[in-house]
Each structure stands twice: as C-alpha cells, then as structure tokens.
Number of protein chains: 2
Amino acid sequence: MNSQAAPPLKRIADSTVRRLSLYLRFLEEFETAGLTTVSSDELAARGGTTSAQVRKDLSFFGSFGKRGLGYQVAELTQSMRRILGLERDWRVIIVGVGKIGAALAQFEGFQQRGFRVVGLYDSDPAKVGREIYHLPVRAIESLSEDNREQPVDIAVIAVPASAAQRVVDQVVAAGISGIMSFAPIQLHVPADVTLNTVNMAMELERLSFALSNRE
Amino acid sequence: MNSQAAPPLKRIADSTVRRLSLYLRFLEEFETAGLTTVSSDELAARGGTTSAQVRKDLSFFGSFGKRGLGYQVAELTQSMRRILGLERDWRVIIVGVGKIGAALAQFEGFQQRGFRVVGLYDSDPAKVGREIYHLPVRAIESLSEDNREQPVDIAVIAVPASAAQRVVDQVVAAGISGIMSFAPIQLHVPADVTLNTVNMAMELERLSFALSNRE
DNA sequence: TTATGTGAACGCATTCACAGCC
DNA sequence: GGCTGTGAATGCGTTCACATAA
C-alpha cells in the first residue's frame, strides 16, 4: 500500500479523530524540534496511549510508515492535515457577540488552523453596526442574504441557551451546514447539517462527578 | 431496591456521566413546566437516546422509578444532583485572565450550578492587583499560601499552551486536586489529581474532519 | 396494561500478537 | 533486529427482550 491517505473505508470513531488531532499537534512539535523520524511508540508516549492504538488509528486511512524505521515527521504531518481537512481555509461566522462570542472572535486557535472569522452576528440592536476586533457586527436577519453573496462554512453559536435553537434554525435556513455550538443545550439539526457541541455545563458536571466519587 | 442513590459499584463510563448531565437539564425543564412524572421514553426522546439507555444509566446508581408509572420528576432531579455532586458548592479559581479567562470569570453557567469563582490569578504584573468583575487578580506565586487559608476545589486553566503545564504543576503543588483546562495541549498530572480538558482546537478539527468527509 | 430494572446478546473500539518488510 | 500493519482476541458500552412490579 502507498503512503497516500485513502478516503476512510468505514465510519471513523470519534475517539480516533480526537487522537488524530493530538498526533498532529505532537508531530508539529517534533517538526519544530527538528526531528525527521518518529515511531508509533514515541507518538503514543506523548499522547498517553499505546503504539498499537496509534498504528490502528492511522491504518484506517492508509499506510504511512516504513517497517523497521517509523514515520517521516514532515510526511505524516502533512497526511494528518489532509485527513483532518486542514489543507483548506474554512470561512467561519460567530453568532452571538456576548462575552464568549467576543472571546472566540479573537481566539488565536481559530486563525492558526485556517478557521477564518469572516463575520459577526447578534440580535441586540445596540451591538449591530458596531465593530469588534475590526469586524462589523451584523443583524442575524441579514444572514441568508450575506451567505448567498459569500458562502460560509461554519457558524459558531455563542448565544444563550434560550435563543440557541432558534438561531440554529436561522443558520440552517440560511444554508450553512457546519455548526459549532457553545450553548449548554441539546440542539436539533437536519441530517445533512454537521453539528458539534461544546457544553461547558456538562464538562463542569463531569468534573464535579469525578471529584465527588474519588476515594 | 430503594430509591436512594447508591454509590456506584463499578467504574462509570464517561458517556454515562455526560448523559446524566443531560437528563438533569431535561428534568429541570420538566419541573419548570410543572410536570410531576416522566418516563424513560420521554427522557430519551429529548436527549436523542433510547429508553433502555436511560434506564441502564440510572441503574448504575440505584432504582429510582416505579414500574408501570415512571419517575417522579422532583425526586429524580434531586437524585441526579446528588449523583453529579451538585448538592454542594465548589470553590473555583481561574488562572489566566486573558480573553478566555475573563469570559469564564463571569460565565453564568459557573454560578448557576454552584461553581463559585473565588479567585483570579495571572502571571502578568500589569494585571496583578487590578479587579475584574469585582474580583482582585492575584499573582500566581501567592497561590500556595492563599490555598492554605481558603482551600480551593477546582482550578480553571486559561493560559496559553506554552505556559499550561508549568501552571498546572504550580496548581498541583499548591494542593489543588481538581483541574479544568482550556489549554489546547495534553497535560500531565499525578494520579490523585482529576483533570478535565476542553480542547477547542481539537473540537474544531473534529468538525473540519466531519465536514471534509461528507458525501 | 404499562413501564421499570436487568441479565444476555450484540457490536464496536482497544489490545494483542505476529507476519511482513526495511 | 526493529518497527509497521493487521487479523484475531478481548473488553466494554449499547441494545434487546423479558421478568417484575404497580
């Protein structure tokens, strides 16, 4: 088998994708450190997993190493990027410019990986028209039209729980099919829309549970 | 079996704890809506899971319903709170008062569930001494002493990736054993410290992967 | 009859172990 | 000899199906 990334043959587990993301970060560190070769053992040690896990994860997408030698850092880095869809830029809007939305708007992690924030939206008339970090805040009502002119790939939802489902419906109606939500509720979207939720409340409760159940 | 929450007999899956968190949110909504009784089917419909899953999740902690009738909303709500460790207050500090840290400092979700932010810390001398949302920003160096006087349960890490491990080490050295990190790197802590990481970069890449691999 | 609680069956992710190649 | 790639074995979370109780 060659070293190109093949399209995944079967559905990839969420846990696998999460680890690929970690591997990419480690590989970039190795690259910065000037290393040219890395083994599955070294990648595993860094990520708190096993070498077999690393090899299995990679095997879903192809064959990237050389037996007896390991992986070429630069080559594997690039493959990870391609697999994760990071070789292109993603056009992102942030809906809801409260504290969280505003913080996200200038989150370096966005820009770094090619997630370009191209628009801010809010329903508060007091905010609409103002600029935040060099980006004008627009009314959510103009979303459909804006999206026709300059299609958006991802909408980040940073509005209160009570408004979240309504906003998501508007985003979907506007034709945007990638959503990242920070609202602490369960959202519903059509099957052709990809939704990823970071629920802070849930994460806190997970920590609370863990702390309560230690011996 | 009675309706009290028993201590879990075996290790509880992460996915189970996440769902308990959802159930609690739904139960609170049902309570607000004035419902007194709920079935596993109704809870499942709301959370996008199955009734068997709901019952299995609950069964790890005891027996909470009545056959043929369902669950008492108020009673089950309280049980969920107890199980998740939400019947007490948690003393929280936020380390790193950049954009994310500042946004977190006044995140309502914290207060709402009994996570009381009692301190802010930063390494930037320009920030130390100032007040943010009525809380003074202290130097990270005073953490050990502060923690002796007023023990802290949870430290929220909101510093850049490059500083995160060092800060975590300081937090651990100060005697704090619950950590919630927002730094986009893999952190290492002793076994007796509970660490929960929200990695925004990873979540974005997960979305990017999903969007790239739709047909 | 209705809906819970739970052992058993199932399916999927992880781990094992070794054949294959450098 | 060293390390990858991968079928097979294992372990674990989810689903099934039914006995049990209201």
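If you're wondering where the values come from, they're calculated on a predicted model, not measured in any experiment.
Of the candidates Val118(A), Ile176(A), Asn147(A), Arg91(A) forms a side-chain contact (heavy atoms from CB on, under 4.5 Å) with just one, namely Val118(A).
Going from atom CG of Asp14(B) over to atom P of dT14(D) covers 10 Å, rounded to whole Å. The distance between atom CG of Asp41(A) and atom P of dG5(D), rounded to the nearest whole Å, is 14 Å. Distance CG (Leu58(B)) to P (dG5(C)): 7 Å, rounded to an integer number of Å. Straight-line distance from the CG atom of Asp57(B) to the P atom of dG13(D): 11 Å, rounded to whole Å. Nucleotide dT6(D) holds its C1' atom 16 Å from the CZ atom of Phe61(A), rounded to whole Å. The separation between Arg67(B) atom CZ and dA3(C) atom C1' is 9 Å, rounded to whole Å. Glu75(B) places its CD atom 14 Å from the P atom of dT4(C), with the value rounded to the nearest Å. Look at CZ on Phe64(A): it is 11 Å from P on dT6(D), rounded to the nearest Å.
Listed nucleotides: dT15(D), dG13(D), dT20(D). Nearest to the side chain of Thr50(B): dT15(D).
In this structure, Ser39(A) does not reach the dC3(D) phosphate: none of its side-chain N or O atoms is under 4.0 Å from OP1 or OP2. Contact annotation: Arg19(B) reaches the phosphate of dT14(D) (side-chain N/O to OP1 or OP2, under 4.0 Å). At least one side-chain nitrogen or oxygen of Tyr71(A) sits closer than 4.0 Å to the OP1 or OP2 atom of dG5(D). Contact annotation: Gln53(B) does not reach the phosphate of dG13(D) (side-chain N/O to OP1 or OP2, under 4.0 Å). For the OP1/OP2 pair of dG5(D) and a distance below 4.0 Å, the side-chain nitrogens and oxygens of Ser63(A) include at least one atom meeting the criterion. For the OP1/OP2 pair of dT4(C) and a distance below 4.0 Å, the side-chain nitrogens and oxygens of Ser40(B) include at least one atom meeting the criterion. The side chain of Arg55(B) contributes an N or O atom lying less than 4.0 Å from OP1 or OP2 of dT4(C).
Within 4.0 Å of Ser15(A), counting heavy atoms only, lie sugar-phosphate atoms of the nucleic acid but no base atom.
Between Ala52(B) and Ala13(A), it is Ala52(B) whose nearest contact on DNA chain C lies nearer the 5' terminus. Nearer the 5' end of DNA chain D, as judged by each residue's closest nucleotide, is the contact made by Gly70(A), out of Gly70(A) and Gly68(B). Comparing Leu69(A) and Lys56(A), the nucleotide of DNA chain C nearest to each residue sits closer to the 5' end for Lys56(A).
In the model, Ser177(A) has a side-chain atom that pairs as donor or acceptor with a side-chain atom of Arg214(B) under 3.5 Å. A donor atom on one side chain and an acceptor atom on the other are not found under 3.5 Å apart for Gln53(B) and Thr50(B).
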Residue pair Phe26(A), Tyr23(A): steps toward the ring-ring contact (aromatic ring centres under 6.0 Å, His included) verdict: CA-CA 5 Å; Phe26(A) 301 147; Tyr23(A) 302 157; 7.1 Å; no
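No side-chain heavy atom of Ser79(B) sits under 4.5 Å from any side-chain heavy atom of Tyr71(B).
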